Number of protein chains: 2
Amino acid sequence: MQALGARIVGGSLAPGTSIPIEEELVSELGVGRSAVREGVKVLAGKGLLETRRSAGTIVRPRASWNLLDADVLSWRFEPQPRPEDIRVLADLRVALEPGAARVAAERADAAAVRRIDEALAALYATADDPEPFIEADLAFHQAVFAAADNDLLLYIYDMISIALRSVRQVHTRSVEHNKETLPGHERVAQAIRRRHHRKAEEAMRGVVEVARADAARSADQHARLCC
Amino acid sequence: MQALGARIVGGSLAPGTSIPIEEELVSELGVGRSAVREGVKVLAGKGLLETRRSAGTIVRPRASWNLLDADVLSWRFEPQPRPEDIRVLADLRVALEPGAARVAAERADAAAVRRIDEALAALYATADDPEPFIEADLAFHQAVFAAADNDLLLYIYDMISIALRSVRQVHTRSVEHNKETLPGHERVAQAIRRRHHRKAEEAMRGVVEVARADAARSADQHARLCC
DNA sequence: GTTAAGACCTTCATCTGATGAAAAAGTAAC
DNA sequence: GTTACTTTTTCATCAGATGAAGGTCTTAAC
């Protein structure tokens, strides 16, 4: 399943083409027919494959893939995310997070606010330490999504955080840079605490717009350095 | 797969409990062991199940389900969505769509703008006809998401539209009501056409806030009528 | 009585072989 | 050239066997 999935999402098995027949996969991957069939069925369940009797198994068009499946996201971002994917991710955050912060300000109960404040404290506590800071950052944003009391929204953020973890190595975040982001996060937390949805949204927009600009810059540098 | 998935998402197989062993499912569902195993594997791929050797197969906690999987969403919203799920869906649109419209205004190319205008025309053309109007409405919002040039965002909307199709029967939309929503949609299209991201966002917020208020009202009425 | 090592049992994991069904491809008749 | 038939390919499903991993139970030593 992993082998096939990574090949499809990675692009070496293009949509529309048919994958080797069961028997060939058995010998190629060195497993039994049952294993092949179960793997193919799982990938079909994720929208990557479609099996047709007597016509083989073909790779479905990208439009029908479960793009927000944890495995599919990993195969897409894991080894080295493409610059285009980094843009997509940054844009998605800009589109989503301000609105999520707004709903969080509308729906947050006392416990949710407390968890956001704790996450904010962890952010301040780790500002000098790049690695833990990234985790604290992810935890802060997750706490905001959790405050919106909406499992679909929280699920989307969890998938985004999978991708963000893969992208973070591209970001060359300095300690100074981390500290600069603290006031923005503080404003988000404060607005949610005061149930001020407009301010929560604007504060979060500030945070993710900065992140998007950073990502664009990092992607540029990265492209210049390695190519 | 369908039978088990619907039972899990529907709640009659609670998280943490173990499902019947393979042999029992074989006789219960009237299929072979291979079919059972393939189905269980697919559900495991969607995060609903977890198999452990010698310990049976258990239902995973809700937090690890692929909530934005098309099948999982169908099982959740299909027969009759719960009022709580309608709220979740309406909140998700409020959180997501204004931001998506903003990014659409930033990224839309000429072809994307044209497709939005076509969808808008279809909206006007079907305003007197409730059923086609709903489809035109879904198509308009999809065109906006498509304009953002972001496959993850578009995927999220496609999943939302699956849920919206199930919810629409709850909405008792009148022809007058439909016509009242036209100016809002017009404003969204115009703002995107003019690449005015702030206005696109505000216009879309107006549209989805109205939809949220309608949904809340309909859910109330529905609850009163049937219980 | 307590404890720990060993046998045993349950259950999923995987392989293999066989049969069936559906669709495509080839073939022959007209 | 078209149509109807046959063959082949390939997935769908069932059934049986073996293996591995984890839990449970017995039993014997202390």
Side-chain angles (χ1 to χ4, degrees), chain A residues 1-9 12-66 69-72 74-75, chain B residues 1-9 12-66 69-72 74-75:
Chain A
M1 198 263 281
Q2 293 285 334
L4 272 178
R7 261 198 271 176
I8 293 169
V9 177
S12 60
L13 281 172
T17 62
S18 59
I19 68 172
I21 66 171
E22 282 182 348
E23 197 185 334
E24 282 176 48
L25 288 175
V26 166
S27 52
E28 190 177 320
L29 301 172
V31 296
R33 235 196 312 283
S34 307
V36 168
R37 283 190 57 75
E38 285 170 13
V40 166
K41 268 278 155 62
V42 172
L43 293 180
K46 295 182 189 298
L48 267 49
L49 291 177
E50 182 181 358
T51 59
R52 288 195 200 140
R53 266 206 275 244
S54 81
T57 301
I58 62 172
V59 179
R60 297 187 68 188
R62 259 183 90 92
S64 49
W65 295 359
N66 290 19
D69 176 275
D71 291 323
V72 175
S74 301
W75 293 324
Chain B
M1 197 265 280
Q2 293 285 333
L4 272 178
R7 262 200 270 176
I8 294 169
V9 177
S12 60
L13 280 172
T17 63
S18 58
I19 69 172
I21 65 171
E22 283 182 348
E23 198 185 334
E24 282 176 48
L25 288 175
V26 166
S27 51
E28 189 177 320
L29 301 173
V31 296
R33 238 196 301 284
S34 306
V36 168
R37 284 190 56 75
E38 285 170 14
V40 166
K41 269 279 156 63
V42 173
L43 293 179
K46 296 181 188 300
L48 266 49
L49 291 176
E50 182 181 358
T51 59
R52 288 192 200 142
R53 267 205 274 244
S54 82
T57 301
I58 63 172
V59 180
R60 297 187 68 187
R62 259 183 91 91
S64 49
W65 296 358
N66 290 20
D69 177 274
D71 291 322
V72 175
S74 302
W75 293 324

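Within every chain, numbering begins at 1; the chains are lettered A, B, ... in the order of the sequence lines, protein sequences first and strands thereafter. Small disclaimer: the values here were computed from a predicted structure and weren't measured.
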Report summary line: To the nearest angstrom, the CZ-C1' distance between A:Arg37 and D:dT10 comes to 10 Å
Query raised in the report: Got a sec? Which of residues 13-28 of chain B come in under 4.0 Å of DNA chain C, heavy atoms?
Result: B:Ile21, B:Glu22
Requested in this report: Indicate, with a heavy-atom threshold strictly under 4.0 Å, whether A:Val31 touches base, sugar-phosphate, or nothing.
Outcome: sugar-phosphate
Query raised in the report: Does B:Asp69 reach the main-chain N or O of B:Val72 with its side chain, forming a donor-acceptor pair under 3.5 Å?
Result: yes
Requested in this report: Count the heavy atoms of every other residue, nucleotide or ligand shown that sit under 6.0 Å from CZ of B:Arg33, and state whether that count exceeds 12.
Outcome: no
Requested in this report: Work out which heavy atom in A:Val59 is nearest to a heavy atom in A:Leu13; give both atom names and the distance.
Outcome: CG1-O, 4.0 Å
Requested in this report: Output yes when at least one side-chain N/O atom of A:Thr51 is less than 4.0 Å from OP1 or OP2 of D:dA12, else no.
Outcome: yes
Query - B:Ser74 side chain vs B:Ala70 backbone, donor-acceptor pair below 3.5 Å - result: yes
Query raised in the report: How would you label the contact of A:Ser34 with the nucleic acid (heavy atoms, under 4.0 Å): base, sugar-phosphate, or nothing?
Result: base
Report summary line: Whichever of A:Ala55 and A:Gly30 has the more 5' nearest nucleotide on DNA chain C, that residue is A:Gly30
Query raised in the report: Any idea which heavy atoms bring B:Val42 and A:Lys41 closest together, and the distance?
Result: CG2-O, 3.5 Å
Requested in this report: In whole angstrom, give the distance that lies between atom CZ of A:Arg33 and atom P of D:dC11.
Outcome: 10 Å
Query raised in the report: Can you check the B:Leu29 CG to D:dT13 P distance for me, whole Å?
Result: 13 Å
Requested in this report: State which residues pass side-chain contact (heavy atoms from CB on, under 4.5 Å) with B:Ser18; sequence neighbours excluded, sorted by chain then number.
Outcome: B:Ile58
Query raised in the report: Within the distance-only criterion (no hydrogens, no angle test), does the side chain of B:Trp65 pair as donor or acceptor with the backbone N or O of B:Leu49 below 3.5 angstrom?
Result: no
**Report entry** N or O in side chain of A:Arg52 less than 4.0 angstrom from D:dT10 OP1/OP2
**Finding:** no
Query raised in the report: Quick one: how far along DNA chain C does chain B reach, first to last nucleotide 5' to 3', anything under 4.0 Å to a heavy atom?
Result: C:dT10 to C:dT14
Query raised in the report: Between A:Lys46 and B:Gly45, is there a donor-acceptor pair closer than 3.5 Å when you use the side chain of the first and the backbone of the second?
Result: yes
Query raised in the report: Is the shortest side-chain N to carboxylate O distance from A:Arg37 to A:Glu23 below 4.0 Å?
Result: no
